[in-house]
Amino acid sequence: MSKKIRTRFAPSPTGPLHMGGVRTALYCYLFAKKNQGDFILRIEDTDQTRFVPGAEQYIVDTLKWCGIEPNEGFEFGGNYGPYRQSERKAMYRKYAEELIEKGHAYYVFTSDDNWPTVKEELIKQGNPSPKYDNVTRQYLKNSLTLPADEVQKRLEAGEEYAIRYKMPRNEEVRFEDKIRSWVSFNTNQLDDKVLLKSDGMPTYHLANVVDDHLMEITDVVRGEEWLPSTPLHVKLYESFGWEMPSFSHLPLILKPDGKGKLSKRDGDRLGFPVFPLNWTDPETGEQSQGYRERGFLPDAFVNMLALLGWNPGTEQEIFTLEELVEAFSLERVGKSGARFDFEKTKWFNQQYIKSKSNEELALLTKEDFEKHKYEASVEKLAIICDLIKERATFLHEFPSLGYYFFEDVREYDTKNLVKKWDGTKEPFFMDLINSLNSLETFSAEEIETCVKTKMEAAGLGFGQVLPILRISITGTMQGPPVFSVMSLLGKSICSDRLHKGITLAKSL
RNA sequence: GCUCCGUUCGUCUAUCGGUUAGGACCUCAGGUUUUCAUCCUGGAAAGAGGGGUUCGAUUCCCCUACGGAGUACCA
């Protein structure tokens with residue numbers, strides 16, 4: 001019996017969760033669920049200077065909206081807490097010191113740490129990125145170069161210090177990435193990363209390894225930007241003597257045009273959201289629109305994200321969350337970055353809107369209708385949704401697509417009305433109105449047969465009658481079948497609008 | 001600069017040495033629909049370049065080019 005699979009999503013609360021982050025969370029979730037495992041949310045807030053109020057709640061809200069709720073974690077409970085690293089602060093120093101005892105790390109006292117100045121000097125000399133590494137540390141002031149008794153004295157005096165990892169020289173570090181297969185680095189390229197900062201907080205590197213171990217994480221699924229620091233994490237596991245999790249580094253989501261990864265700027269520039277939910281920056285008050293508020297269904301958003309970088313190897317494109325869980329595997333995640341395509345994203349949403357039942361849509365859009373002061377029962381809304389859903393890409397389009405069910409025609413397509421109208425048709429339409437008024441049930445079928453018989457009797461064709469009818473009723477040549485619209489509108493409104501339409505036609 | 005990762009239609013991608021290189025978005029042309037949308041049919045559209053290995057490479061290896069990420073007491 002192998003260990004239970006446990007994955008974690010570990011964002012830092014520095015702002016709204018980017019859609020790339022959501023995708024990482026989604027893949028973590030899918031992988032865990034696929035293997036009957038647990039999905040955990042851990043907040044990585046070890047850099048307290050970058051904390052943004054509201055960001056943690058945003059993460060929680062996003063996961064909930066997407067339907068990928070953690071089994072345990074921040075705000076979700078569990079036995080491995082606390083799940084916020086700032087609340088775990090006290091425990092990290094012990095682990096850093098364990099490394100020092102084992103000879104894998106060393107102290108750097110803040111008071112005489114000459115690295116910042118040395119580094120600046122090296123940059124001036126043309127070294128693009130000087131490293132605090134196994135060579136330079138010999139010439140820098142730290143517990144390796146200071147006399148042992150002095151180090152001891154300073155420690156006892158309570159001097160402030162940071163702890164750095166002592167990266168060994170010329171060692172090959174290999175690890176297997178589930179997406180990229182074997183990756184190797186030489187430690188000579190690596191530097192002595194800070195493990196514990198002088199404020200007592202761990203850096204990501206220490207915290208992530210310690211917490212993943214303590215939380216019994218079996219599979220680390222994270223963004224590609226972590227690939228270069230993975231050898232350090234591997235060395236850390238080795239130094240502690242801990243079992244290593246598997247690693248999977250996800251490719252980036254790229255901007256639709258040009259170069260580089262997708263950023264908030266691209267969304268503003270090209271007119272699409274990059275965040276799942278609305279976000280107001282607490283500092284600047286700047287607003288960013290979310291997918292939810294833009295009228296996207298969470299399942300469509302999730303489906304799109306899932307296929308951006310992963311594919312099942314079949315031609316299926318529409319997946320429920322359950323189906324995604326069933327079909328998912330990390331091995332089928334692509335290696336290269338995927339350019340984001342908003343057109344395709346819209347297509348997904350359209351597919352999901354079409355596939356929803358009329359009742360679901362009614363419930364989903366009720367609020368949008370009410371925002372426009374359009375009140376109707378869910379039953380009636382369902383009928384309206386049925387008529388317009390194939391014409392909608394976004395949820396919020398429903399009210400405008402069906403506004404004429406709630407208020408008078410705002411704007412007439414006079415161009416087409418003029419084209420189709422001539423005075424000789426007036427008697428026909430007056431007669432038609434009378435006949436319609438005498439109809440029993442005013443059902444779509446009944447209206448249609450009525451119009452047809454009248455038309456035939458008068459020797460008129462669809463093309464001569466329908467456009468006028470349609471424009472009178474809805475103002476436009478576009479839209480759902482007129483007879484259904486008329487039926488829903490009812491006899492008296494139709495009669496009124498027809499009269500109005502004819503009057504308008506005559507005046508043009 | 002250095003390290004690592006990557007490279008199939010405009011975009012997302014399938015292909016695990018032999019295919020007319022398949023699908024989807026977009027796009028174009030038809031058809032259904034009184035209109036629009038939906039839907040259906042069809043078209044256009046791809047293996048970065050150069051070397052190998054092989055009877056045979058999109059597929060395996062190397063080089064080049066290009067792209068990306070990292071290079072903080074940020075995550």
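First the proteins, then the strands, lettered A, B, ... as listed; each starts at 1. The basis for the numbers below is simple: all heavy atoms, side chains too, and nothing from hydrogens, waters or symmetry mates.
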Subject >> Closest to side chain of A:F185, choosing from B:C39, B:U3, B:G1 >> reply: B:U3

Original post:
Is there a donor-acceptor contact under 3.5 Å linking the side chains of A:E360 and A:S357?
Top reply: yes

Original post:
When you measure from the side chain of A:R164, which nucleotide among B:C4, B:C36, B:C73 comes out closest?
Top reply: B:C73

**OP:** Specify whether A:F429 and A:W421 have parallel, tilted or perpendicular ring planes, treating 30° as the upper limit for parallel and 60° as the lower limit for perpendicular.
**Re:** tilted

Original post:
With a 3.5 Å cut-off and just heavy-atom distances, do the side chain of A:T203 and the base of B:C73 make a donor-acceptor pair?
Top reply: no

Original post:
Would you call the rings of A:F342 and A:F340 parallel, tilted or perpendicular if under 30° counts as parallel and over 60° as perpendicular?
Top reply: tilted

**OP:** Side chain of A:L227 only, please: which of B:U34, B:C4, B:U35 is the nearest?
**Re:** B:C4

**OP:** Measure from the side chain of A:R339, starting at C-beta and using heavy atoms only, and say which of B:U34, B:C12, B:C39 lies closest.
**Re:** B:C12

Original post:
Is A:P481 touching bases, backbone alone, or none of the nucleic acid, heavy atoms closer than 4.0 Å?
Top reply: base

Subject >> Between A:T136 and A:D133, a side-chain donor and acceptor under 3.5 Å >> reply: yes

Original post:
Taking the side chain of A:A338 as its heavy atoms from C-beta onward, which of B:U34, B:A75, B:U13 lies nearest to it?
Top reply: B:U13

Original post:
Does A:R154 make a cation-pi contact with A:Y161 (under 6.0 Å, within 45 degrees of the axis)?
Top reply: no

Original post:
Where the side chain of A:K354 is defined as all heavy atoms beyond and including C-beta, which of B:U11, B:U35, B:C39 is the nearest nucleotide?
Top reply: B:C39

**OP:** Tell me whether the OP1 or OP2 atom of B:C74 has a side-chain N or O from A:K197 closer than 4.0 Å.
**Re:** yes

**OP:** Find the distance A:L232:CG to B:A75:P and express it as a whole number of Å.
**Re:** 13 Å

**OP:** Name the nucleic acid region contacted by A:N208, choosing base, sugar-phosphate or nothing; use a 4.0 angstrom heavy-atom cut-off, strictly under.
**Re:** nothing

Subject >> Nucleic acid contacts - residues 388-402 of chain A versus RNA chain B, non-hydrogen atoms under 4.0 Å >> reply: A:E390, A:R391

Original post:
What residues in residues 327-336 of chain A put a non-hydrogen atom under 4.0 Å from any atom of RNA chain B?
Top reply: A:R332, A:K335, A:S336

Original post:
Does A:K119 place a side-chain N or O at less than 4.0 Å from the phosphate oxygens OP1/OP2 of B:A72?
Top reply: yes

Original post:
Does a donor on one side chain and an acceptor on the other come within less than 3.5 Å for A:D368 and A:H396?
Top reply: no

**OP:** Specify whether A:Y204 and A:W226 have parallel, tilted or perpendicular ring planes, treating 30° as the upper limit for parallel and 60° as the lower limit for perpendicular.
**Re:** parallel

Original post:
Considering only B:A24, B:A75, B:U34, which nucleotide approaches the side chain of A:R470 most closely?
Top reply: B:U34

**OP:** Among the candidates B:C25, B:G70, B:C74, find the nucleotide nearest to the side-chain atoms of A:W347.
**Re:** B:C25

Original post:
Any idea how A:W310 and A:F328 line up, ring-wise: parallel (<30°), tilted (30 to 60°), or perpendicular (>60°)?
Top reply: tilted

**OP:** Under a 3.5 Å limit for both distances, which nucleotide forms a Watson-Crick or G-U wobble pair with B:G6, could you say?
**Re:** B:C66

Subject >> Closest nucleotide among B:U3, B:C4, B:A14 to the A:V183 side chain >> reply: B:C4

Original post:
Considering only B:C36, B:G6, B:C4, which nucleotide approaches the side chain of A:R180 most closely?
Top reply: B:G6

